[in-house]
Amino acid sequence: MKYISVLIQHHPGPTGDVLICKNKNGKWEFPSAKQCSNETPEDATVRVATEKLGMAVKPGKLIMIGHKNINDGYTEHIACGNITHNTNSKEIYHEYYEAVNTWQTEPQKIAYDEFKWVHPSELGQYEFEGDDENFMAKYDPWINAKFIPDRRMY
């Protein structure tokens, strides 16, 4: 099983604001959904943006993969370029893709009542939960201190 989360940038590049959405628990998250068996990750990225926000996006690069531990539910995220995982289809993966708001459309209140554009360096100031909280623990230092080589879309 694979989940896809999308980091939608307002414009391409390392300084492009990223869209975050507030979930029902009052925490911030990136739009996400399960990948259907008949679609590519890129198709799933476009579908998530369309179904959840009414936005047209251009899918970008895979930036991180999470592997969920089925015993405790914790998801360990691995930056692309460092990925070595088995391909057992019974495992649970959570992939994070970048996408660009190419047509400069504004999000619509379909799946979320609140959202905002945030500069990448400010993402660490927001409270995320679940897989996104684990993802931010790796992604925030990547953006702000470049601990992991920056492979963001340009």
Side-chain angles (χ1 to χ4, degrees), residues 1-70 73-80 83 89-144 150-154:
M1 181 183 314
K2 189 186 300 183
Y3 291 88
I4 302 289
S5 285
V6 186
L7 279 72
I8 301 171
Q9 292 182 282
H10 204 282
H11 60 275
T15 60
D17 289 350
V18 176
L19 185 69
I20 58 174
C21 307
K22 192 172 270 191
N23 65 25
K24 295 174 182 150
N25 297 330
K27 308 283 192 216
W28 294 97
E29 67 183 23
F30 302 104
S32 65
K34 287 182 186 175
Q35 179 181 342
C36 297
S37 60
N38 64 341
E39 67 184 348
T40 66
E42 291 78 12
D43 291 341
T45 298
V46 171
R47 178 178 55 81
V48 168
T50 302
E51 286 181 359
K52 303 242 176 180
L53 299 161
M55 298 178 72
V57 299
K58 177 182 175 190
K61 296 179 181 179
L62 170 66
I63 54 174
M64 213 168 279
I65 289 183
H67 178 262
K68 187 170 287 231
N69 183 323
I70 55 174
Y74 178 78
T75 302
E76 175 64 29
H77 289 89
I78 304 164
C80 289
I83 299 170
S89 62
K90 293 182 181 180
E91 298 292 330
I92 300 171
Y93 293 96
H94 194 149
E95 297 183 352
Y96 288 79
Y97 283 84
E98 289 186 335
V100 178
N101 184 12
T102 308
W103 294 272
Q104 300 298 299
T105 55
E106 285 302 314
Q108 300 171 18
K109 293 183 178 182
I110 297 172
Y112 302 99
D113 290 330
E114 189 176 347
F115 29 74
K116 64 171 56 175
W117 294 101
V118 178
H119 188 274
S121 66
E122 299 170 338
L123 283 169
Q125 299 171 17
Y126 293 87
E127 191 173 353
F128 291 85
E129 70 180 353
D131 287 356
D132 288 349
E133 180 180 26
N134 299 335
F135 167 76
M136 284 304 301
K138 291 257 177 126
Y139 190 69
D140 188 47
W142 177 5
I143 293 301
N144 292 312
D150 193 346
R151 297 176 181 263
R152 293 173 56 81
M153 184 174 8
Y154 294 103

Show the nearest heavy-atom pair for residues [X] and [Y], with the distance to one decimal.
X    : Y   : answer
D131 : H94 : OD2-ND1, 2.6 Å
Q35  : P41 : NE2-N, 3.6 Å
I110 : G54 : CD1-N, 3.5 Å
W103 : A56 : CE3-O, 3.3 Å
N101 : V57 : CA-CG1, 4.4 Å

For L19 and M55, run side-chain contact (heavy atoms from CB on, under 4.5 Å): C-alpha distance rounded to whole Å, both residues' side-chain angles, the deciding distance at 0.1 Å, then the answer. CA-CA 11 Å; L19 185 69; M55 298 178 72; 3.9 Å; yes
Value rounded to 0.5 Å, distance of [atom1] in [X] from [atom2] in [Y]:
X    : Y    : atom1 : atom2 : value
E98  : M64  : CD    : CE    : 10.0 Å
Y126 : K116 : OH    : NZ    : 3.5 Å
R47  : K34  : CZ    : NZ    : 11.0 Å
K61  : L7   : NZ    : CG    : 14.5 Å
S5   : D132 : OG    : CG    : 5.0 Å
H11  : D17  : NE2   : CG    : 6.5 Å

Residue from E133, E129, E127 passing salt bridge (charged side-chain N to carboxylate O under 4.0 Å, His left out) with K27: E127
Donor-acceptor pair between W117 and E106 side chains, under 3.5 angstrom: yes
If only atom types and distance count, is the side chain of K52 paired as donor or acceptor with the main-chain N or O of Y112 below 3.5 Å? no
Give the ring-plane orientation class for Y96 versus F30, where under 30° counts as parallel, over 60° as perpendicular and anything between as tilted. perpendicular
Checking side-chain contact (heavy atoms from CB on, under 4.5 Å) for the pair F128/I20: CA distance, chi angles, key distance, verdict? CA-CA 10 Å; F128 291 85; I20 58 174; 3.9 Å; yes
Report the C-alpha distance between E114 and W28 in whole Å, list the side-chain angles of each, state the deciding distance to 0.1 Å, and finish with yes or no for side-chain contact (heavy atoms from CB on, under 4.5 Å). CA-CA 9 Å; E114 189 176 347; W28 294 97; 3.8 Å; yes
Given side chains that start at C-beta, do those of T40 and P59 come closer than 4.5 Å, heavy atoms only? no
With a sphere of 6.0 Å drawn around CG of N25, does it hold more than 12 non-hydrogen atoms of other residues, nucleotides or ligands? yes
